[in-house]
Amino acid sequence: MASNSTKSFLADAGYGEQELDANSALMELDKGLRSGKLGEQCEAVVRFPRLFQKYPFPILINSAFLKLADVFRVGNNFLRLCVLKVTQQSEKHLEKILNVDEFVKRIFSVIHSNDPVARAITLRMLGSLASIIPERKNAHHSIRQSLDSHDNVEVEAAVFAAANFSAQSKDFAVGICNKISEMIQGLATPVDLKLKLIPILQHMHHDAILASSARQLLQQLVTSYPSTKMVIVSLHTFTLLAASSLVDTPKQIQLLLQYLKNDPRKAVKRLAIQDLKLLANKTPHTWSRENIQALCECALQTPYDSLKLGMLSVLSTLSGTIAIKHYFSIASGNVGSSPRSSDLVRLAQECCYHNNRGIAAHGVRVLTNITVSCQEKDLLALEQDAVFGLESLLVLCSQDDSPGAQATLKIALNCMVKLAKGRPHLSQSVVETLLTQLHSAQDAARILMCHCLAAIAMQLPVLGDGMLGDLMELYKVIGRSATDKQQELLVSLATVIFVASQKALSAEVKAVIKQQLESVSNGWTVYRIARQASRMGNHDMARELYQSLLTQVASEHFYFWLNSLKEFSHAEQCLTGLQEENYSSALSCIAESLKFYHKGIASLTAASTPLNPLSFQCEFVKLRIDLLQAFSQLICTCNSLKTSPPPAIATTIAMTLGNDLQRCGRISNQMKQSMEEFRSLASRYGDLYQASFDADSATLRNVELQQQSCLLISHAIEALILDPESASFQEYGSTGAAYADSEYERRMMSVYNHVLEEVESLNRKYTPVSYMHTACLCNAIISLLKVPLSFQRYFFQKLQSTSIKLALSPSPRNPAEPIAVQNNQQLALKVEGVVQHGSKPGLFRKIQSVCLNVSSTLQSKSGQDYKIPIDNMTNEMEQRVEPHNDYFSTQFLLNFAILGTHNITVESSVKDANGIVWKTGPRTTIFVKSLEDPYSQQIRLQQQQAQQPLQQQQQRNAYSRF
């Protein structure tokens, strides 16, 4: 995760360009700001956000904002507007301004201008800075004053600033609340201004009293001003205030339902539905059974499809949360209605076959969620309704390739996957429906249906064999043209075939896929299918496809990448010939596999570039090579019991040494070495796991499975041979998933359980080391290797990209030059950092805090050795900081009492929202030279000079004796 290891991030940030030094870039823009031409000045101003993105550290940002403040102070209104836009775009960098007082002073000077437009821009500027100056009383006063202005532009700007300051400052919110109340209720205030003032009240949630007074005011407004616009704005502000304060959410739900039921205006009803949807997403646990019942009654009674669609959308959101269980639970003292007879079910059943696709989709989703979440035995009718509703929706949407139909189809297919997972006995009929419809559907719908089939087959592998015949027939007839949809369909269908095949592909299936690919596919499609084959463990197919692509790429890096993938697939293919009990054959298969792996790692190293170093891929393959070598070594060790049995005096040696294992000869020491090697490999897999912050969950689970394989073998060696009284496997490995997400994981877990059963049955039954023990170990290795390795997504593709950039101060001009510090002083080391993201930040996990570890070691000592306390000899410190707007900063106080050159290392790691620590880096090093302070040096020299005459006198006395 170091700053140079993320290809997608570097592509986003434009790091491939010729870069200027930060100061040079700022000087270049400053030259534009001082230009006499307005166009050049504006161009320089609008280029500042790009500068902040490239150099996001406080020193540069502070200087840049001070220059922009000068432009704002002396420029015209157009330049001021440009500076305002830059400030709003760079909101996350505002807290890095060091001289806030000076910056605000330059901006604030314009508030006294006679030009109302200039004052308006200044107010908007102050509003944009509210996050860093929330308690500036002069800004508060100016906003209050400008609310009374006669210029509409200035008043609108004051309203904007008041909203921003209210969100940040409790004092300002308390002070402005009465003023806004007076203005809203005042007869002199125009209606359009009242509509702009009301939304400020959504920020009055800093304490319960303030929220209550704002709520009372809004209640009066809703009652006193019944016009459509006022009711809509007041109700929406009401909802946002309730969502922020949380206390009044149930009351707000009741109020919105009341308006939905009683108000005849469609605009108000639509607003009520929109706000109910917001509260359903944010606080579903606050919905009572009565609330849901009232919403169902409204939906059953309304004659308008658009309103019914909105209400069903709210109900479908609630049906996937805890609210649905509240609805069907039997409250104390009340008899709860059964799921079959409730209004919610009746509504969903009515809507399942509605002529409006959206209403039908939400009806089906409600039925599906009820079927999955209500674990009652007598839900057969409800299950059938859900299945029939899904089938009709599938038939309707699969013939239409419009965007609306595709969106509805996605909802239906998600429901199918959920239903198959929650009610496995319904999955067979769902799959049959999909396969039947797949032949007549449009290409866009076929792609989505293939994804659905793959998801169901991954969850329920038993259904895979049944779909293979239909899929192969379809694969033969599709792909008559080279359109994008056809290419996408080829990939999707091939993926389903790989999932459905589970084990190795038959020759017929491979022939059909290759024939189809040769006729219409492009290189990218072939690569994507090969990638899926590698992921599913079909390495023979993947090798042939990678081989066909080698001559179709233009870059040598791409050539080496494809060549490495071909070699890895070939290496894994060599392991498919393993057979139990045939250990010499196993050794030759592993040796053949290692030969291709070594070729592949050489190609992979050649494929890496500075912008894309392929660090995860290289480490993963190196670990696989080392694991195969360890397996090979262990089989050889097991064979050595036959080829080199223990000597005749082994029992005597064992008795003499008091170690019973020594009677087995040298195999005992070899087994101990093997066990340590497997534990070391498990530790390295753990390090790789911790370094892969951006990896998807399937890739991490794959790495975890490799780690568990190493721990399993080390435990088997210990339990069978070295220490039969050893602990159980759970102490060594991570907790296994109760539900396997992939066929690879299922097969690996099956092998683990089988091996553990074998080890347990042999444990303490025979005296170690017997041929039974060595055979058990060898069979365990072969069983593990017979499961084809899965190359997961992160090996090919990085969807999330996160990097940390550190800056240390003081820092030397030349990296090799040390920083001078006196030994009686302490060095204050400031560490600043910026978290940089790619195009999809936080897709899999987000950074909660950054852990900074600072350590120093003495490189070379100068001067005499003095007796110094051991505490002063080393520095080892650690601090956790939480990034704010992707920036963090902290300081360390370091002591260098020993004279000489010290090496300071700063290493960062991150902690995610689940509390897991990831060793992401980067690691930065600087040198410090500890010098003797002048006063101590002077005293030492004086003492030396005073001691010299005394030594000379002693020497004369010694000579005079002789």
Exercise for the section: List the atom of V46, the atom of V86, and the distance in Å for their closest heavy-atom pair. Expected result: CA-CG2, 4.1 Å

Practice task
Please check if the distance between the ring centroids of F160 and F165 is under 6.0 Å.
Solution key: no

Practice task
Assess whether side chain to side chain donor-acceptor pair (under 3.5 Å) is satisfied between S131 and Q168, documenting all intermediate values.
Solution key: CA-CA 6 Å; S131 60; Q168 300 289 339; 5.4 Å; no

Exercise for the section: Would you confirm whether K269, through its side chain, and D263, through its main-chain N or O, come within 3.5 Å as a donor-acceptor pair? Expected result: yes

Handout entry: Note, I133 side chain near L126 side chain (heavy atom, < 4.5 Å)
Key = yes

Exercise for the section: Flag the pair V233 / K194 as yes when at least one side-chain heavy-atom distance between them is below 4.5 Å, and no otherwise. Expected result: no

Handout entry: pair W287-I253: side-chain heavy atoms closer than 4.5 Å
Key = yes

Problem - Closest heavy-atom pair and its distance - N895, Q825 - result: OD1-O, 4.3 Å

Practice task
Check whether any side-chain heavy atom of I847 sits under 4.5 Å from a side-chain heavy atom of P883, and report yes or no.
Solution key: yes

Handout entry: CA sep, side-chain torsions, deciding dist, call: T228, R265, side-chain contact (heavy atoms from CB on, under 4.5 Å)
Key = CA-CA 8 Å; T228 305; R265 294 167 290 190; 3.4 Å; yes

Practice task
Dump the intermediate steps for side-chain contact (heavy atoms from CB on, under 4.5 Å) on D148 and K179, then the final yes or no.
Solution key: CA-CA 10 Å; D148 296 327; K179 170 81 174 171; 2.6 Å; yes

Handout entry: Residues D70 and K67 bridged, charged N to O under 4.0 Å
Key = no

Exercise for the section: Any chance you could measure H884, atom NE2, to K96, atom NZ, to the nearest 0.5 Å? Expected result: 11.5 Å

Practice task
Give a yes or no on whether the backbone of I143 and the side-chain of S146 come within a donor-acceptor separation of less than 3.5 Å.
Solution key: no

Practice task
For V831 and L806, run side-chain contact (heavy atoms from CB on, under 4.5 Å): C-alpha distance rounded to whole Å, both residues' side-chain angles, the deciding distance at 0.1 Å, then the answer.
Solution key: CA-CA 7 Å; V831 181; L806 294 180; 4.2 Å; yes

Practice task
Give a yes or no answer on whether the side chain of N885 reaches the backbone of Y887 with a donor-acceptor pair at less than 3.5 Å.
Solution key: no

Exercise for the section: Assess the side chains of D275 and H236: does a donor N or O sit below 3.5 Å from an acceptor N or O? Expected result: yes

Practice task
Take atom NE2 of H112 as the centre, draw a 6.0 Å sphere, and report whether it contains more than 12 heavy atoms from other residues, nucleotides or ligands.
Solution key: yes

Exercise for the section: Would you mind telling me which of I107, V100, D101 makes a side-chain contact (heavy atoms from CB on, under 4.5 Å) with V104? Expected result: V100

Practice task
Would you check if there is a donor-acceptor pair between the side chains of S889 and E832 at a distance under 3.5 Å?
Solution key: no

Completion exercise
In short, A120 meets A157 closest at the heavy-atom pair O-CB, 3.2 Å

Problem - Short side-chain to backbone donor-acceptor contact, S809 and S811, under 3.5 Å - result: no

Problem - From S801 atom OG to L843 atom CG, the distance as rounded to the nearest 0.5 Å - result: 11.5 Å

Practice task
Output the distance between atom CZ (F892) and atom CG (N875), rounded to the nearest 0.5 Å.
Solution key: 11.0 Å

Exercise for the section: Using a strict 4.0 Å threshold on nitrogen-to-oxygen distance, state whether R813 and E817 make a salt bridge. Expected result: no

Handout entry: Pairwise distance NE2(H206) to CG(D171) - rounded to 0.5 angstrom
Key = 9.5 Å

Problem - M183 side chain reached by L193 side chain, heavy atoms, under 4.5 Å - result: yes

Problem - Side chain proximity check, F52 to F65, heavy atoms < 4.5 angstrom - result: yes

Exercise for the section: Only one of T283, T239, T286 passes side-chain hydrogen bond (donor to acceptor under 3.5 Å, both in side chains) with Q252; say which it is. Expected result: T239

Practice task
Search all heavy atoms of S169 against all heavy atoms of P134 and return the closest pair with its distance.
Solution key: CB-O, 3.3 Å

Practice task
Keeping the roles fixed (side chain from R144, backbone from G175), state whether a donor-acceptor pair exists under 3.5 Å.
Solution key: yes

Practice task
Please check if atom CG in N114 has more than 12 non-hydrogen atoms from other residues, nucleotides or ligands closer than 6.0 Å.
Solution key: no

Exercise for the section: Please say whether more than 12 non-hydrogen atoms of neighbouring residues, nucleotides or ligands are located less than 6.0 Å from CG in L893. Expected result: yes

Problem - S849 and E882 side chains, donor-acceptor separation under 3.5 Å - result: no

Exercise for the section: Begin from the C-alpha positions of S128 and Q88 and carry the test side chain to side chain donor-acceptor pair (under 3.5 Å) through to its verdict. Expected result: CA-CA 6 Å; S128 303; Q88 289 174 340; 3.2 Å; yes

Practice task
Give a yes or no answer on whether the side chain of S908 reaches the backbone of G921 with a donor-acceptor pair at less than 3.5 Å.
Solution key: yes

Handout entry: Test item: side-chain donor near acceptor, T802 and D694, under 3.5 Å
Key = yes

Practice task
Could you grab the distance from atom CD of Q53 to atom CZ of F48, nearest 0.5 Å is fine?
Solution key: 15.0 Å

Practice task
Assess the side chains of Q891 and Q879: does a donor N or O sit below 3.5 Å from an acceptor N or O?
Solution key: no

Handout entry: Pair R119 + D115: basic N to acidic O under 4.0 Å
Key = no

Practice task
State, without any angle test, whether Q220 and Y225 hold a side-chain donor-acceptor pair at a distance under 3.5 Å.
Solution key: no

Practice task
Would you indicate whether I59, at its atom CD1, is surrounded by more than 12 heavy atoms from other residues, nucleotides or ligands within a distance under 6.0 Å?
Solution key: no

Practice task
Would you mind reporting whether P116 and S149 have side-chain heavy atoms less than 4.5 Å apart?
Solution key: no

Handout entry: Intermediate values then yes/no, side-chain contact (heavy atoms from CB on, under 4.5 Å), Y259 and L257
Key = CA-CA 5 Å; Y259 269 91; L257 287 169; over 6 Å; no

Handout entry: Enclosure of M877 CE (heavy-atom neighbours >12, cutoff 6.0 Å)
Key = yes

Practice task
Check for a donor-acceptor pair, side chain of S166 on one end and backbone N or O of A162 on the other, with a separation under 3.5 Å.
Solution key: yes

Exercise for the section: Count the heavy atoms belonging to other residues, nucleotides or ligands that lie under 6.0 Å from NZ of K37, then report whether that count exceeds 12. Expected result: no

Practice task
For S212 and A208, indicate whether the former's side chain and the latter's backbone hold a donor-acceptor pair under 3.5 Å.
Solution key: no

Handout entry: Test item: side-chain donor near acceptor, Q202 and T237, under 3.5 Å
Key = no

Problem - Residue among K846, K805, K92 satisfying salt bridge (charged side-chain N to carboxylate O under 4.0 Å, His left out) with D886 - result: K92

Handout entry: Euclidean distance, S63 OG relative to D30 CG, rounded to 0.5 Å
Key = 10.0 Å

Handout entry: Exceeds 12 heavy-atom contacts within 6.0 angstrom, atom CD of E95
Key = yes

Practice task
Report yes if the side chains of N853 and S909 come closer than 4.5 Å at any heavy-atom pair, otherwise no.
Solution key: no

Problem - L79 backbone acceptor or donor facing N76 side chain under 3.5 Å - result: yes

Exercise for the section: Check whether any side-chain N or O of N99 sits under 3.5 Å from a backbone N or O of N62 as a donor-acceptor pair, and report yes or no. Expected result: no

Practice task
Answer yes or no: are there more than 12 heavy-atom neighbours, outside R923 itself, under 6.0 Å from its atom CZ?
Solution key: no

